[in-house]
Structures are given as structure tokens and as C-alpha cells.
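Have a look at the structure below, then the notes.
Throughout, numbering of the chain's residues begins at 1 and tracks the sequence. Numbering of ligands and ligand atoms starts at 1, following listing order.
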Amino acid sequence: MFFECSRLIDGNQPRLSNGITVTDVDGDGAFELVVTGYATNNLVLKWDGSRLVDIAGPLLADASGCAVAIAAADVDGDGREELYVLNSDRASGPKEMGDRLFACFGKHWLDLLAQPENAGMANRVAGRSVVAMDRHGHGRYGFVVAADGGPFRLFELSRRGRLEDAAEDAGIDLIGAGRGLLALPFLSDRVDLFACNEGGPNFLFRNLGDGTYEEIAEERGVADSRFAGRAVAAVDGPGYGGFGLLVGAWEGPQRLFVQRSGGGFVDEADPEMSFPGRVSSVIAADFDNDGYEELFFNLHGEPNRLFGWRDERWQAIDLGDALEPKGLGTGAVVADIDGDGRLELLIAHGNGVGGGHGGGSPQPLSLYRTAANHNGWLRVLPLTPYGAPARGAVVTCTANGRRQVRSVCAGSGYLCQMEPVAHFGLGSARAVERLEVRWPDGMTAIVENPPIGRLLTVPYPPE
Ligand SMILES: [Ca+2]
Ligand SMILES: [Ca+2]
Ligand SMILES: [Ca+2]
Ligand SMILES: [Ca+2]
């Protein structure tokens with residue numbers, strides 16, 4: 001499936017990299033890739049038309065940080081995405097180093113967590129993942145931090161412009177060994193939250209409609225109490241009643257939880273897919289634009305794995321160059337970096353968190369593309385009422401009478417956030433009958449017969 005093109009990354013040195021997000025850092029309307037560094041600098045990789053070049057200034061590079069996870073979202077409703085960077089200088093429990101919440105004013109970035117009005121809000125508990133969550137659906141996001149050894153946290157901006165921890169108010173302030181997080185409307189018509197825990201039951205938080213949550217992992221069949229959950233991605237499988245959950249495990253069985261009518265989940269991973277391994281991240285994306293997602297497992301020190309929907313079932317398929325048998329994978333993202341309508345795959349390696357979890361050693365990033373083909377495609381970018389990417393929105397595409405569903409990523413895999421675009425491969429279809437965009441507040445917009453072969457921006461509907 002994949003061909004290596006890492007040479008397109010300028011100055012790609014061995015380093016301890018962890019999470020990655022895809023967001024417009026410099027405000028020119030095109031997305032950059034932001035790669036965290038553990039005891040090394042963060043990178044802001046910008047596509048200049050032929051290469052990815054680091055444009056991070058000293059503040060965002062934050063070379064003294066121990067960055068693990070990252071997520072972007074518009075916290076203050078100015079239409080630009082802020083960046084939350086989770087630092088973890090140890091594996092669990094209390095930590096020394098606080099997190100960063102970078103916001104851009106004009107051309108200048110500053111760390112909101114370092115401002116006097118937010119003193120006392122520093123996060124001093126180790127953690128792994130962070131996702132953006134618009135729990136009220138009003139277009140202003142909070143960041144959920146999956147803590148390890150302390151309660152989950154939810155950083156939101158109050159009406160007075162101060163950061164506050166709304167986790168207790170939302171009912172998600174549970175204590176676990178938080179790993180991967182996924183936030184999208186997959187249980188209710190508002191943004192719900194799934195959290196993997198390592199060595200304890202997972203959390204499944206259902207939005208009650210008012211931005212508060214009930215935890216229902218056990219009754220829905222995804223608690224998986226003795227499980228080493230690490231990473232999670234939403235899957236649109238043929239015949240699924242809603243988004244499925246692909247859950248990767250660290251030295252445990254992999255799960256493909258498929259949602260049944262009634263809302264319960266059943267694990268449909270066959271022995272080949274569930275085979276234990278050191279999975280660090282998972283991605284569901286249509287890499288070859290045939291109209292069906294592939295399932296990518298990024299492993300740490302073992303060959304990666306890829307499954308495709310072939311002959312009415314999931315089958316292991318050839319990864320090509322992305323096998324990476326010695327890759328110490330940490331995070332991975334998809335984005336169409338060069339704008340040709342096919343997704344690239346960027347894999348981070350290294351780790352180093354507290355020296356645990358298999359340790360790590362510096363490795364360069366790796367970048368993969370796929371071969372050109374004649375399959376059609378359509379990419380959809382819904383915007384919030386403020387003009388920022390509407391992370392957590394859900395887009396349904398109907399082509400040749402068949403429906404596909406994608407979410408606009410608010411955080412998934414492990415430590416990462418994919419590009420905020422609903423990417424549809426169309427196979428041999430040459431037209432799309434209908435697109436439906438559903439925002440986190442339940443607002444919908446229908447686009448009949450949209451043009452294909454392009455990135456379609458869909459603004460929030462006017463009053
Ligand atoms: Ca940009
Ligand atoms: Ca903003
Ligand atoms: Ca595919
Ligand atoms: Ca591409």
C-alpha cells in the first residue's frame with residue numbers, strides 16, 4: 001500500500017517524537033503538522049510545495065518540554081485553533097512540568113497556562129492523551145486530558161476569559177490510567193467520549209444532551225476490565241449501526257467493537273486482527289480511495305499491520321514500505337499534505353515517557369504516500385460558527401446509493417489528532433448524490449450533488 005517519501009521532510013533527524021496534530025498554525029488557510037518532542041523541540045512542519053519545512057518559533061518549539069500528546073481546537077471562538085501540549089516528565093502520578101496551551105493573537109503566540117490569571121490551573125498529574133471536546137455544541141472547545149494516577153481534566157475558557165477545570169461539572173473527573181481518547185457523537189447526538197485505560201476498565205461517557213456525562217462502559221460492553229487499552233479510532237464498517245471502535249492494546253488482544261442496534265458493542269476482531277502486540281496507535285482511513293477504510297496498527301518495535309475490507313471481510317493486506325519492523329512507533333496521523341486527494345501517513349517514533357513502556361530511542365519521522373489510481377474522492381471541511389475546523393462534526397456521503405460516514409477528528413489514535421477533514425474515497429463513482437454535515441450541536445446542512453475531486457468547505461449554516 002505505502003511508498004516511503006520521508007526524504008520530503010527537511011532536516012529529518014533521529015529524535016524522541018510522540019503525538020502529532022494537523023492544524024493551521026500560521027493562519028494561511030493550509031494545515032501544518034505539529035510533532036511533539038520529548039526533551040527535544042516540537043516541530044511545525046509546513047508544506048512549501050515540495051518539502052515539509054519546520055517553521056516553529058522558540059515558544060512553540062519549547063525545547064525544554066517533555067511533550068507527549070497534542071491537540072488543536074478553537075477555545076475562545078476567534079476562528080483560530082489553539083494548541084494544547086501535554087507534558088509528562090514521568091509515567092504516572094504527580095509530575096513537575098506543567099502543560100502548555102498556546103494561543104495566537106495577531107502574529108504572536110503565548111502560553112495561556114503561563115498567564116497570571118490562570119495561576120493554579122497548571123496540570124500537575126502525568127497523562128497520555130488530550131482531545132478537543134465541544135460538549136455544549138456552541139463552537140468553543142475544551143481540552144480533555146487523560147490523566148494517569150489522578151482525575152481526568154477538562155480545560156475550558158470561562159465567560160470571564162479564565163481557564164477552569166470543568167471535569168467535575170461535566171461528570172468525567174474519574175481516575176484511571178488514561179491512554180487513548182476519542183470524542184465524537186457516536187452514542188448520542190452530542191459529543192460523547194471514549195477513554196482507554198491501561199490495566200483497568202475503559203470509560204464510555206455518554207453526553208446527556210446538556211454537556212454532562214454518564215459513564216456506561218460496562219452496560220455497553222466496552223469496559224474490558226483486564227485490558228491493556230492504548231489507542232482508539234472510530235471505524236465506518238459496512239453494515240455498522242453507527243461508528244465502531246477500533247481499540248489497540250499494548251501487549252493484549254486488539255478489539256473491533258461494532259455497535260449493534262440498541263447501542264451495545266460486540267467485539268468482531270477475528271484471531272488475525274486481535275493478535276496481541278505492542279500497539280501504540282491505530283488509524284482508520286481510506287488510503288486507496290476505494291470507498292472503504294483501511295485499519296492501520298502502528299506498533300512499537302514490531303512490524304506494523306494493515307487490514308482492508310476485501311471480499312466482505314477484514315483481511316491483512318500488504319503495507320509495503322510502512323511495515324517498519326524496527327520502528328519504535330508512538331503516534332501516527334493522516335493528512336493530504338500535498339493536496340492531491342490521497343492521504344499521506346506520518347509516523348512518529350521514540351517515546352521516552354518516564355523511561356517505561358518499552359523505553360525508546362531516537363528515530364526520525366517517516367512519511368508514506370500511496371500509488372496514484374483512478375478512484376474518485378471528496379474531502380469535506382465543516383467550520384464552526386466562528387470559522388474554525390468543526391472537530392467532532394459528522395459527515396455522511398452518499399454515492400452510488402451507498403453511504404459512508406466520517407467524523408472530523410477531535411483526537412484519536414494515541415497522543416494524536418488527524419487532519420480536521422472528512423475524507424471520502426469514492427472508488428469508481430463519478431458523482432456524489434448527497435452530503436450531510438451534522439455539527440456538534442445537532443445542526444445539519446445538506447449539500448446535493450457536490451462537485452468531487454476537491455476540498456469542500458462547509459460553513460456553519462446562517463440563522
Ligand atoms: Ca498554515
Ligand atoms: Ca482561538
Ligand atoms: Ca480503502
Ligand atoms: Ca496526498
Side-chain angles (χ1 to χ4, degrees), residues 1-3 5 8 22-25 27 30-31 33 47 49-52 71-84 101-106 108-112 132 134 138-143 155-157 161 163 235-238 283-296 306-311 314-319 333-346 367-377 379 383-391 397 399 402 404 406 418-421 423-429 453-455:
M1 180 69 79
F2 296 107
F3 297 91
C5 55
L8 299 178
V22 187
T23 179
D24 181 9
V25 173
F31 297 123
L33 298 140
W47 181 249
S50 58
R51 291 168 77 74
L52 285 166
D74 185 8
V75 171
D76 54 6
D78 69 348
R80 294 241 353 221
E81 295 200 304
E82 280 68 45
L83 277 169
Y84 193 101
L101 208 179
F102 296 118
C104 190
F105 299 94
H108 299 285
W109 289 84
L110 57 82
D111 176 7
L112 295 181
D134 182 7
H138 53 25
R140 289 189 302 278
Y141 291 77
F143 287 109
F155 292 98
E156 293 179 341
L157 212 56
L163 285 173
V235 180
D236 173 35
I283 291 175
D286 187 358
F287 288 103
D288 58 4
N289 285 341
D290 71 343
Y292 296 89
E293 287 180 322
E294 282 75 45
L295 308 180
F296 173 71
L306 185 69
F307 293 83
W309 184 258
R310 306 284 186 268
D311 302 324
W314 295 106
Q315 296 192 24
I317 57 176
D318 186 9
L319 279 148
V333 296
V334 290
D336 179 11
I337 293 167
D338 55 3
D340 67 352
R342 295 195 311 279
L343 294 171
E344 279 73 45
L345 171 66
L346 179 69
L367 181 65
Y368 299 94
R369 60 180 175 78
T370 58
N373 61 35
H374 295 295
N375 290 332
W377 54 273
R379 295 163 51 73
L383 301 179
T384 68
Y386 307 106
R391 297 186 187 269
C397 172
R402 186 173 152 254
Q404 296 185 61
R406 300 283 182 275
M418 311 295 124
E419 60 167 2
V421 173
H423 177 99
F424 296 96
L426 300 174
S428 60
R454 68 184 64 195
L455 175 66

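- Looking at Asp74 and the Ca ion (ligand 2) together, the shortest N, O or S contact belongs to OD1.
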Check against side chain to side chain contact (heavy atoms under 4.5 Å, CB included), Met1 and Tyr368: CA-CA 9 Å; Met1 180 69 79; Tyr368 299 94; over 6 Å; no
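- Proximity of Thr370 to Phe2: side-chain heavy atoms (C-beta onward) are separated by under 4.5 Å at one or more points.
- Protein N/O/S atoms closer than 3.0 Å to the Ca ion (ligand 4): Asp336 OD1, Asp338 OD1, Asp340 OD1, Arg342 O, Glu344 OE1, Glu344 OE2.
- Within the protein, the number of N, O or S atoms lying under 3.0 Å from the Ca ion (ligand 3) is 6.
- Listed for the Asn375 side chain is a donor-acceptor partner under 3.5 Å among the backbone atoms of Asp288.
- Here the N, O or S atom of Asp76 that is nearest to the Ca ion (ligand 2) is OD1.
- A 4.5 Å side-chain heavy-atom check between Thr384 and Glu81 finds every atom pair outside the cut-off.
- Ring geometry, Trp377 versus His423: the interplanar angle falls under 30°, so the pair is classed parallel (tilted spans 30 to 60°).
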Decide side chain to side chain contact (heavy atoms under 4.5 Å, CB included) for Asp338 and Trp47; before the verdict, give the C-alpha distance in whole Å, the side-chain angles of both, and the deciding distance to 0.1 Å. CA-CA 7 Å; Asp338 55 3; Trp47 181 249; 3.8 Å; yes
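- The residues Asp134 and Arg391 are annotated as not salt-bridged, no charged nitrogen and carboxylate oxygen being separated by less than 4.0 angstrom.
- Closest to the Ca ion (ligand 2) among the N, O or S atoms of Asp78 is OD1.
- A cation-pi arrangement is absent between Arg402 and Phe424 under the rule of less than 6.0 angstrom and at most 45 degrees off the ring axis.
- Side-chain atoms of Glu293 come within 3.5 Å of backbone atoms of Asp236 as a donor-acceptor pair (strictly under, hydrogens ignored).
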For Trp314 and Trp309, run side chain to side chain contact (heavy atoms under 4.5 Å, CB included): C-alpha distance rounded to whole Å, both residues' side-chain angles, the deciding distance at 0.1 Å, then the answer. CA-CA 5 Å; Trp314 295 106; Trp309 184 258; 3.5 Å; yes
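- For the pair O of Arg80 and OE1 of Glu82, the angle whose vertex sits at the Ca ion (ligand 2) is 90° to 10 degrees.
- A salt bridge does not link Asp78 with Arg80: every distance from a Lys NZ or Arg NE/NH1/NH2 to an Asp or Glu carboxylate oxygen is 4.0 Å or more.
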